[in-house]
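Step one of this worksheet: look at the structure below.
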Amino acid sequence: MDDADFKKLTPGRIIRAGVLDPQGKGWKVRPLIVLTQLASNDPDAEFRVVAGSTQSPVEGNEGLAIRVPGHHQPGGHPRTGLHETTWFYAFWICTLKVGEVERFHKLTPENLFLELRALIEKAEQ
């Protein structure tokens with residue numbers, strides 16, 4: 001990854017990479033939100049992300065997800081870069097390597113990123 005792209009890997013950045021579903025099956029390239037700051041551009045350097053799905057929460061999971069807007073237009077939503085509305089789940093945290101990042105989107109709106117961080121803290125208690 002070149003230095004310009006590496007500098008984009010900051011908390012709140014929306015990216016795409018392949019991860020397993022919450023049950024540990026169904027590997028698929030999905031939208032992810034970066035949670036941790038990286039210190040190294042080494043392809044094997046790891047960082048934490050929270051995964052998202054275009055499927056809305058099932059009953060009982062509504063309080064564990066944030067809704068990030070998407071838009072069906074070239075370039076996706078003007079603020080997020082997502083082409084579809086996506087729910088990011090506080091319990092679906094993954095470890096990713098720098099070399100696994102496939103694509104960059106824009107940033108999670110700050111208020112939604114703060115809400116997600118609070119949901120993750122609550123879920124980990």
Side-chain angles (χ1 to χ4, degrees):
M1 175 177 301
D2 68 30
D3 287 341
D5 280 344
F6 177 71
K7 288 179 182 176
K8 294 178 186 177
L9 283 177
T10 58
R13 171 68 65 179
I14 301 170
I15 61 172
R16 283 198 179 270
V19 296
L20 297 172
D21 66 24
Q23 291 76 37
K25 303 174 187 171
W27 185 92
K28 179 177 166 182
V29 175
R30 303 172 188 277
L32 310 164
I33 296 176
V34 176
L35 294 175
T36 56
Q37 185 67 45
L38 286 93
S40 168
N41 191 5
D42 182 310
D44 290 326
E46 295 182 336
F47 61 104
R48 304 288 281 170
V49 296
V50 63
S53 173
T54 57
Q55 300 295 313
S56 59
V58 296
E59 189 175 327
N61 282 344
E62 303 94 342
L64 297 170
I66 62 159
R67 180 185 173 275
V68 178
H71 195 276
H72 295 288
Q73 67 182 22
H77 189 277
R79 290 185 69 196
T80 66
L82 293 170
H83 291 277
E84 295 183 66
T85 296
T86 304
W87 286 263
F88 291 89
Y89 293 90
F91 56 82
W92 194 2
I93 297 176
C94 308
T95 300
L96 198 65
K97 292 182 180 183
V98 170
E100 296 173 330
V101 176
E102 293 197 8
R103 196 163 106 208
F104 290 87
H105 289 292
K106 296 178 181 177
L107 295 169
T108 309
E110 187 174 353
N111 64 317
L112 294 177
F113 187 60
L114 292 173
E115 184 181 338
L116 178 62
R117 301 285 298 211
L119 288 176
I120 291 169
E121 281 184 34
K122 186 177 177 182
E124 290 178 342
Q125 292 178 356

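Remember, it's a predicted structure, so these values are computed and weren't measured experimentally.
For the pair Q37 and P11, the tightest heavy-atom approach, listed with the atom from each and the gap, is OE1-CD, 3.2 Å. Nearest heavy-atom pair across L82 and P31 is CD2-CB, 4.1 Å.
To the nearest 0.5 Å, the span separating CG on L38 from NZ on K97 amounts to 13.0 Å. Atom CD1 of I120 and atom CZ of F88 lie 11.0 Å apart (nearest 0.5 Å). T86 OG1 to I66 CD1: the interatomic distance, rounded to the nearest 0.5 Å, is 10.0 Å. The structure places CD of E102 at 12.5 Å from CZ of R30, a figure rounded to the nearest 0.5 Å. The structure places CD1 of I33 at 5.5 Å from CG of L116, a figure rounded to the nearest 0.5 Å.
Residues passing the side-chain contact (heavy atoms from CB on, under 4.5 Å) test with I15 are L9, R13, L32, V34, F47, V49, L96, V101, F104, sequence neighbours excluded. By the side-chain contact (heavy atoms from CB on, under 4.5 Å) test, P43 pairs with no residue at all, sequence neighbours left out. Among residues two or more places apart in sequence or in another chain, the salt bridge (charged side-chain N to carboxylate O under 4.0 Å, His left out) test is passed with D5 by K8. When the side-chain contact (heavy atoms from CB on, under 4.5 Å) test is applied to A45, the partners found at least two apart in sequence or on another chain are S40, D42, V98. Partners of R48 under the side-chain hydrogen bond (donor to acceptor under 3.5 Å, both in side chains) rule, at least two apart in sequence or in another chain, are T95. In this view, H77 and P69, H71, R79, T80 satisfy the side-chain contact (heavy atoms from CB on, under 4.5 Å) rule, not counting sequence neighbours.
Counting heavy-atom neighbours within 6.0 Å of Q55 CD, excluding the residue itself, gives a total of 12 or less.
Using a 4.5 Å heavy-atom cutoff, the side chains of D21 and K28 are not in contact.
Through side-chain heavy atoms spaced under 4.5 Å, either directly or across other Ile, Leu, Val, Met, Phe, Trp or Tyr residues, V29 is tied to L20, W27. With a 4.5 Å cut-off between side-chain heavy atoms of Ile, Leu, Val, Met, Phe, Trp and Tyr, the cluster of V58 takes in none. Under a 4.5 Å side-chain heavy-atom criterion applied to ILVMFWY residues, the cluster that includes W92 comprises L64, W87, Y89, F91 as well.
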Could you list the donor-acceptor pairs under 3.5 angstrom formed between side-chain atoms of residues 105-113 and any protein atom two or more places apart in sequence or on another chain?
residue : atom : partner : partner atom : Å
H105    : ND1  : G81     : O            : 3.0
H105    : NE2  : R16     : NE           : 3.1
H105    : NE2  : R103    : NH2          : 3.4
K106    : NZ   : P78     : O            : 3.0
T108    : OG1  : G12     : O            : 2.8

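No donor-acceptor pair closer than 3.5 Å links the side chain of R67 to the backbone N or O of S56. Panel note: side chain S53, backbone A51; no donor-acceptor pair is recorded below 3.5 Å.
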